[in-house]
There are 2 protein chains.
Amino acid sequence: MNSKDIKQAGLKVTLPRTKILKILETASAHHLSAEEVYRALLDDEGAIALATVYRVLTQFETAGLVIRHNFEGGQAVFELDDGKHHDHMVCLRTGKIVEFHDEIIEQRQRDIAKQHGFTLSDHALILYGEFDETNS
Amino acid sequence: MNSKDIKQAGLKVTLPRTKILKILETASAHHLSAEEVYRALLDDEGAIALATVYRVLTQFETAGLVIRHNFEGGQAVFELDDGKHHDHMVCLRTGKIVEFHDEIIEQRQRDIAKQHGFTLSDHALILYGEFDETNS
DNA sequence: AAAAGGACGCTCTTTAAAAGCATTGAGCCA
DNA sequence: TGGCTCAATGCTTTTAAAGAGCGTCCTTTT
């Protein structure tokens, strides 16, 4: 995931885009809201306008570089799209997000869609709850 | 689902609340946004203020009378809570929503949560796609 | 190196949702 | 049943996330 990807998406390679991509790669939390990306770049000399962050993230989403999630809580969060589909567990206490993938569930979803004459293009499975103290 | 439920929720039985509940019961679409509820009551002599619709729906949600869903598309939708949990298939072409329930998936979710030391309090599974012409 | 069009930053706008406040009305009790 | 109290309503204003408009700047391409 580097400037080559930006170019292949038909976008010019600019400092804001490079920085935003890097933040998404290196941030400890792998799921960031637009505001969080913005704040992460505030320290950095040469901050990026919030409007640009929104614009770039939407462009990255369209280009397939990142995935936008609409979890509960109003703010959308973004993560790099590594091509490997996964679902999410969201801790309502700490905000921690853990990814998982389960082929049994995936297969059932495909079966159910088929039974209903439904052509699946995407799906979202989110588990809400709380991690044990030890895990959080 | 009637005025008794409203009262048991600790809310006064008022015309707006009764009307909103009835709309949710009788509307052909079982998933309505706040705006849709509002518009459904516009014909009706004695319209209800939009602010009241938002307020009442949130109160109903807190009281456990309705469930709020954050599907893609910005607007939250509401449905009566009949106590029977189910998931959703959302047609991206027509907006049609079909409910389903699958015990295999439910069980897998519980197993996965357990494996991760995660106490499940809620979950959302939404399949996005398109229904066949015949079904839509 | 220069031309051309996309990208940036700033500000303003949009939209869903909720808050504030004065008025109205439900519900309880004498 | 009539009145009293506090919750509920309607109207307006506000908030927050997200995006649009526009003038200037900077990538990119030749």
Side-chain angles (χ1 to χ4, degrees), chain A residues 2-23 31-42 44-63 65-79 95, chain B residues 2-23 31-42 44-63 65-79 95:
Chain A
N2 52 36
S3 49
K4 213 168 277 179
D5 300 284
I6 297 178
K7 190 167 279 178
Q8 284 186 343
L11 301 169
K12 288 185 179 171
V13 179
T14 64
L15 207 54
R17 285 179 181 149
T18 309
K19 280 182 180 176
I20 290 172
L21 209 50
K22 183 171 288 177
I23 287 292
H31 298 75
L32 296 173
S33 68
E35 298 272 347
E36 283 169 339
V37 171
Y38 171 69
R39 283 201 303 273
L41 291 166
L42 270 188
D44 208 288
E45 192 50 54
I48 293 174
L50 184 55
T52 301
V53 175
Y54 276 108
R55 206 165 20 204
V56 168
L57 285 173
T58 301
Q59 291 163 339
F60 282 180
E61 185 196 11
T62 304
L65 294 181
V66 308
I67 301 177
R68 179 196 301 253
H69 296 289
N70 294 294
F71 297 154
E72 283 182 21
Q75 250 144 322
V77 296
F78 299 82
E79 68 170 321
Chain B
N2 53 36
S3 49
K4 213 169 278 180
D5 299 284
I6 297 178
K7 190 167 281 181
Q8 285 186 342
L11 300 169
K12 287 184 180 174
V13 179
T14 64
L15 208 53
R17 285 178 182 151
T18 309
K19 281 183 180 176
I20 290 172
L21 209 51
K22 183 172 287 176
I23 287 293
H31 298 76
L32 297 172
S33 68
E35 297 272 347
E36 284 168 340
V37 170
Y38 171 69
R39 284 201 303 273
L41 290 167
L42 271 188
D44 209 287
E45 193 52 55
I48 293 174
L50 184 56
T52 302
V53 175
Y54 275 108
R55 207 164 20 204
V56 169
L57 285 173
T58 301
Q59 291 163 340
F60 282 0
E61 184 196 12
T62 304
L65 296 179
V66 308
I67 301 176
R68 180 197 301 253
H69 295 289
N70 294 294
F71 296 153
E72 283 182 22
Q75 249 142 323
V77 296
F78 299 82
E79 68 171 321

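Convention: sequence-line order gives letters A, B, ...; per-chain numbering from 1. No experiment lies behind these values; they were computed from the predicted model shown.
Here the CD-NE2 distance, from Glu72(B) to His69(A), works out to 10.5 Å after rounding to the nearest 0.5 Å. Here the CD1-CD1 distance, from Ile20(B) to Ile23(B), works out to 9.0 Å after rounding to the nearest 0.5 Å. Between the CD atom in Gln8(B) and the CG atom in Asp5(B) there is a gap of 6.0 Å [rounded to 0.5 Å]. If you take CG on Leu65(A) and CD on Glu79(A), they are separated by 13.0 Å, rounding to the nearest 0.5 Å.
Using a distance-only test at 3.5 Å, with no hydrogens or angles considered, a donor-acceptor pair links the side chain of Arg17(B) to the main chain of Lys12(B).
In this structure, the OH atom of Tyr38(B) is 11 Å from the C1' atom of dC11(D), given to the nearest Å. Per the geometry, CD belonging to Gln75(A) stands 15 Å off C1' belonging to dA17(C), to the nearest Å. Atom CZ of Phe60(B) is separated from atom P of dA8(D) by 11 Å (rounded to the nearest Å). Atom-to-atom, CG of Leu32(A) to P of dA18(D) comes out at 13 Å; the value is rounded to the nearest Å. Rounded to an integer number of Å, the gap from Glu36(A) CD to dA17(D) C1' is 13 Å. Protein atom CD of Glu35(A) is 10 Å distant from nucleotide atom P of dA16(D), rounded to whole Å. The distance from atom CG of Leu50(B) to atom P of dT12(D) is 13 Å, rounded to the nearest whole Å. The separation between Gln59(A) atom CD and dA7(C) atom P is 6 Å, rounded to whole Å.
The phosphate of dG19(D) has neither OP1 nor OP2 within less than 4.0 Å of any side-chain N or O from Tyr54(A). Proximity of Thr14(A) to the phosphate of dC26(D): no side-chain N or O atom is located under 4.0 Å from OP1 or OP2. In this model, the phosphate group of dG19(D) is approached by a side-chain N or O of Thr58(A) to a distance below 4.0 Å at OP1 or OP2.
Within 4.0 Å of Leu11(A), counting heavy atoms only, lie sugar-phosphate atoms of the nucleic acid but no base atom. Across all strands shown, Ala34(B) has no heavy atoms under 4.0 Å from either base or sugar-phosphate atoms. If you check every strand for non-hydrogen atoms under 4.0 Å, Ile48(A) touches sugar and phosphate atoms only. Residue contacts shown for Arg17(A) are limited to sugar-phosphate atoms, with no base heavy atom under 4.0 Å away.
Comparing dG10(D), dG21(D), dA17(C) by their closest approach to the side chain of Ala49(B) singles out dG10(D). Distance from the side chain of Arg68(B) is smallest to dA18(C) among dG10(D), dC8(C), dA18(C). When distances are taken from the side chain of Ala51(A) to each of dT9(D), dA20(D), dT28(D), the shortest belongs to dA20(D).
When the nearest nucleotides of DNA chain C are assigned to Ser33(B) and Pro16(A) by heavy-atom distance, the more 5′-ward of the two goes with Pro16(A). When each of Thr52(B) and Lys12(B) is assigned the nucleotide of DNA chain D with its nearest heavy atom, Lys12(B) is the one assigned upstream, toward the 5' end.
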